[in-house]
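The structure appears right after this line, and notes come after that.
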Protein chains: 2
Amino acid sequence: MTVSPDRPAVAVDDLHAAEEAVREQGLRLTSARRLVLQALFAARGPVSAEEIASGLNGRLTASDLTSVYRNLETLEGVGIVRHFHAGHGPGRYVLEGDREREYLACEVCGRVEAVPPETLDPARKAIASATGYAVRFAHFPIVGRCDDCAVHSG
Amino acid sequence: MTVSPDRPAVAVDDLHAAEEAVREQGLRLTSARRLVLQALFAARGPVSAEEIASGLNGRLTASDLTSVYRNLETLEGVGIVRHFHAGHGPGRYVLEGDREREYLACEVCGRVEAVPPETLDPARKAIASATGYAVRFAHFPIVGRCDDCAVHSG
DNA sequence: ATACTTGCAAATGATTTGCCAGTGT
DNA sequence: ACACTGGCAAATCATTTGCAAGTAT
């Protein structure tokens with residue numbers, strides 16, 4: 001598939017719930033796995049695999065980048081993690097518990113902001129009636145110009 | 001910038017017009033450059049740098065991949081070419097003359113379809129009033145489930 | 001003539017794969 | 001015990017960069 005297929009999202013509210021979800025899949029709860037989860041909870045927002053592996057730049061225990069990638073993939077399989085691409089550069093990973101957040105990226109200033117899903121429901125509705133597509137602005141952000149940048153240019 | 005900045009688009013209708021546009025920028029019209037333009041016109045849709053370099057799989061003269069990348073970048077600077085990402089995998093390049101087309105990608109079956117901009121104007125309007133963003137669905141497609149796939153699954 | 005370009009090799013960045021040793025259950 | 005994992009090296013994919021040789025203007 002070209003884009004990440006839809007998986008049933010599993011919203012977990014804390015580290016403990018996440019560990020439960022992992023166990024429920026018959027997966028082992030290893031330290032590397034736990035570290036990835038900890039980082040995701042500590043980050044409070046989208047982070048790259050690299051950032052997780054570095055322990056969020058030293059704030060947490062560092063771990064092996066390969067394992068981080070493998071665990072992120074596993075956790076996406078479980079449904080508690082998701083990733084998206086905000087432009088060129090590494091993918092950004094988030095907990096599904098940051099539920100349904102969708103992203104807006106400004107093509108001028110580069111800012112990426114998250115909005116709750118309700119914000120985009122009208123747009124979703126408009127797209128559905130125009131094209132038949134049930135949209136999720138999850139894997140890619142919506143790209144445009146933010147207020148500020150629209151004002152300061154053509 | 002995280003995403004490709006907005007450039008004034010220059011819609012060219014044929015190879016000749018494209019070559020004029022290149023000349024007008026004081027750029028040289030080399031055979032490698034011309035080959036890239038030819039491929040873009042022959043393709044009638046999004047193509048990867050690799051596909052262009054292969055001469056659209058043998059239908060045209062092949063050329064060096066590095067030069068293709070360099071020329072695509074140059075042509076994006078001129079404003080007659082643009083690229084977007086339909087998912088993981090290589091970027092896809094299109095002529096701006098395929099003016100303002102925007103893309104819808106189905107996350108289930110992987111289909112990517114182009115729609116004319118008017119189709120998405122209502123959605124654009126909805127996003128603008130909800131967020132203040134002036135949206136262009138140009139650098140990334142809109143990801144969702146197409147009609148067919150929505151029917152055959154949850 | 002000479003600056004812009006090409007083409008090839010090598011580098012880079014992101015991510016994946018192979019493989020064998022390590023460890024949860 | 002034994003299959004699931006971790007860690008490290010090496011491979012892969014997309015794209016970029018360095019540089020000497022080529023060529024539009």
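Order of the sequence lines fixes the chain letters, A, B, ..., with proteins taken first and strands second; residue numbering starts at 1 for each chain.
The stretch residues 53-69 of chain B comes close to DNA chain D through B:Leu65, B:Thr66, B:Tyr69, each having a heavy atom under 4.0 Å from the strand. Remark: nothing in residues 41-52 of chain B comes within less than 4.0 Å of DNA chain D through any heavy atom.
For the salt bridge (charged side-chain N to carboxylate O under 4.0 Å, His left out) test, no residue two or more places apart in sequence or in another chain qualifies with B:Glu20. Residues that satisfy the ring pair (Phe, Tyr, Trp, His ring centres under 6.0 Å) test with A:Tyr93, not counting sequence neighbours, are A:His83. Listed by chain and residue number, nothing satisfies the salt bridge (charged side-chain N to carboxylate O under 4.0 Å, His left out) test with B:Glu50 (two or more places apart in sequence, or in another chain). Take A:Tyr69 and apply the ring pair (Phe, Tyr, Trp, His ring centres under 6.0 Å) test, not counting sequence neighbours, and it matches no residue. Residues satisfying the side chain to side chain donor-acceptor pair (under 3.5 Å) criterion with A:Glu51, sequence neighbours excluded, are A:Ser48. Residues satisfying the side chain to side chain donor-acceptor pair (under 3.5 Å) criterion with A:Asp121, sequence neighbours excluded, are A:Arg124. Under the side chain to side chain donor-acceptor pair (under 3.5 Å) criterion, B:Arg33 pairs with B:Asn71, sequence neighbours left out.
Judged as a salt bridge (Lys or Arg N to Asp or Glu O under 4.0 Å), not a single pair has a partner in residues 58-67 of chain B (not counting sequence neighbours).
Scanning DNA chain D 5' to 3' for nucleotides with an atom closer than 4.0 angstrom to a non-hydrogen atom of chain B gives a first and last hit of D:dA14 to D:dT25.
With A:Ile52 as the partner, the side chain to side chain contact (heavy atoms under 4.5 Å, CB included) test is satisfied by one option alone out of A:Leu35, A:Leu65, A:Leu40, A:Leu60: A:Leu40.
Taking atom CG of residue B:Asn71 and atom P of nucleotide C:dG7, one finds them 9 Å apart after rounding to whole Å. Straight-line distance from the CD atom of B:Glu73 to the C1' atom of C:dC4: 15 Å, rounded to whole Å. The CG atom of A:Leu72 sits 11 Å away from the C1' atom of C:dT15 (whole-angstrom rounding).
For the atom pair A:Tyr133 OH and B:Glu107 CD, the distance stands at 10.5 Å (nearest 0.5 Å). To the nearest 0.5 Å, the span separating CD on A:Glu113 from CD1 on A:Ile142 amounts to 10.5 Å.
Among the protein residues, A:Gly26 comes within range of no part of the nucleic acid, since none of its heavy atoms lies under 4.0 Å from any strand.
Ring geometry for A:His85 against A:His139 counts as perpendicular: the plane angle is over 60°, on a 0 to 90° scale with 30° as the lower cut.
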Report summary line: For nucleotides 19-25 of chain C, 5' to 3', base contacts (B), sugar-phosphate-only contacts (S) and non-contacts (-) with protein non-hydrogen atoms under 4.0 Å give B---BBS
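In terms of heavy atoms, B:Val10 sits closest to B:Glu96 at O-CB, 3.8 Å.
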